[in-house]
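Structure, as structure tokens:
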Amino acid sequence: MRKIIVVAGPTAVGKTEYAIRIAEEFNGEIVSCDSMQLYKYMDIGSAKPTPEEQARVKHYLIDEIDPKDDFSVALYMEKAKAAIEHIFSMGKTPIIAGGTGLYLNSLLYEMDFGKSKGSEEYRDKLYKIAKEKGNEALHKILQGISPDSAKRIHPNNVKRVVRAIEAIEIGENQLQDFSNVNVKTKDYDTMLICLNRNREELYDRINRRVDILINMGLLDEVKGLMKMGFTDADISMKGIGYKEIIGYFDGKYSLDEAIELVKRNSRRYAKRQLTWFKKYQDMKWFNLSESNIEDVLLWIKENK
RNA sequence: GGCGCCAUAGCCAAGCGGUAAGGCAGAAGUCUGCAAAACUUUUACGCCCCAGUUCAAAUCUGGGUGGCGCCU
């Protein structure tokens, strides 16, 4: 069988509570699929499950890495799969909960990340080309070595263009094979659930939650992280709620502006998440504006 | 009461006689090693209302309405 239950959904929709209820009901343990809750010390801004919530059901892949560490999908896949195996070994059901689409993909599809990690120097060199000669110039290089990738990646998406060139040049000289894009993994039998709400209600919840996070002490948390030596150059600090508050402390904007930005960026993020989740064909959607936990539990029971 | 200024999309705003820039918010989307990232697309049969001048008006003229400022 090896059934795993995935609980996806945009930020602030209510995933944490639903995942816990599902885990409690079906003898499960939760594997977080969230690129920010992975980091230690970033508790408030990433809206981690509280200690009380984590006491109800065991959570994996939370507080896993240091905000200074480099991380990637490939690493996530490794850790998550190990956690899933561990849960299976105890005869329990893994519940994958979170909103990071790419990470989720790494568990649902056969993804071969190859071996190329890339080198800083080479990467910098490529970025320099883009900066000095323009995005188009860099894109032309990619066109030269892989017309196919070049067609798929927009010239302005420098980050991607760089990654594509680097993957080919530094890698096994082997272009990543995209033919397996939609090959679903045979490792598990997955049940996909996406929670959503009416747009207005979702945005309202997001706005309100940001205010709550501020009241919970987000400012102090960010101040503490800055004291620990983390800066906006660290990827972890590019998370929503962190980069804006750092900007406030650096005098880039007023507190009100920073809070507004956190809200706006969270709203946009939620929209991108929904766009991503819409791709999954076999996803079961629940509009929490119209249904509740009982509906979800019942549906799982009937389709298990 | 008098004088002056202003009125363009949800918001900010350019245009000053030739057929509505741009930004923000919003919407849609892309995605195989930084993904809470990066990137793409999109938003006014109409410029407060009425009349006039003109081949042509958001742009000029007159009148209204609304707002702002100053003066008595």
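Residue numbers start from 1 in every chain, and the chains themselves are labelled A, B, ... in the order their sequence lines are given, proteins ahead of strands.
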Selection from [options] that lies nearest to any side-chain heavy atom of [X]:
{"X": "A:Asn156", "options": "B:A27, B:C34, B:C39", "result": "B:C39"}
{"X": "A:Arg264", "options": "B:G29, B:C39, B:C24", "result": "B:C24"}
{"X": "A:Arg268", "options": "B:C24, B:A28, B:C31", "result": "B:C24"}
{"X": "A:Arg272", "options": "B:U32, B:U30, B:A35", "result": "B:U30"}
{"X": "A:Trp276", "options": "B:A35, B:G33, B:U32", "result": "B:A35"}
{"X": "A:Arg152", "options": "B:U30, B:U32, B:A28", "result": "B:U32"}

Looking at every strand, decide which applies to [X] at a 4.0 Å heavy-atom threshold: base, sugar-phosphate, or nothing.
{"X": "A:Tyr127", "value": "base"}
{"X": "A:Phe71", "value": "sugar-phosphate"}
{"X": "A:Ser46", "value": "base"}
{"X": "A:Tyr103", "value": "sugar-phosphate"}
{"X": "A:Arg267", "value": "sugar-phosphate"}
{"X": "A:Gly241", "value": "nothing"}
{"X": "A:Asn265", "value": "nothing"}

Geometric class of the A:Tyr103/A:Tyr76 ring pair [parallel <30°, tilted 30-60°, perpendicular >60°]: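 It falls in the parallel class, under 30°.
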
Mutual orientation of the aromatic rings belonging to A:His86 and A:Tyr60 [parallel < 30°, tilted 30-60°, perpendicular > 60°]: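 The arrangement is perpendicular - the two ring planes meet at more than 60°.
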
Between [M] and [N], how far apart are the [atom1] atoms? Round to whole Å, please.
{"N": "B:C16", "M": "B:G26", "atom1": "C1'", "value": "31 Å"}
{"N": "B:U8", "M": "B:C12", "atom1": "C1'", "value": "12 Å"}
{"N": "B:A58", "M": "B:C70", "atom1": "C1'", "value": "28 Å"}
{"N": "B:G29", "M": "B:G15", "atom1": "C1'", "value": "32 Å"}

Under 3.5 Å donor-acceptor pair, A:Lys271 side-chain atoms to B:A28 base atoms: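 Check passes, donor-acceptor contact within cut-off.
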
hbond_proxy A:Arg160 side chain to B:C31 base (donor-acceptor, 3.5 Å cutoff):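 Per atom types, the contact qualifies.
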
Atom-to-atom span, NZ of A:Lys263 to P of B:G26 - whole angstrom: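 Computing the A:Lys263:NZ to B:G26:P distance gives 13 Å.
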
Whole-Å distance separating the CZ atom of A:Arg163 from the C1' atom of B:C39: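 Taking atom C1' of B:C39 as the reference, CZ of A:Arg163 is at 17 Å.
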
Donor + acceptor pair across side chains of A:Thr11, A:Arg209 (<3.5 Å):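 A pair is found: one side chain offers a donor N or O, the other an acceptor, under 3.5 Å apart.
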
Any side-chain donor near an acceptor of the partner, A:Tyr248 and A:Glu244, under 3.5 Å: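 No pair is found: no donor N or O on one side chain lies under 3.5 Å from an acceptor on the other.
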
Smallest separation among heavy atoms of A:Asp34 and A:Gln37, with atom names: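 Smallest heavy-atom distance, with atoms named: OD1-N, 3.0 Å.
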
A:Ile246 vs A:Phe230 side-chain heavy atoms within contact, under 4.5 Å: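 Contact flag for A:Ile246/A:Phe230 side chains = no.
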
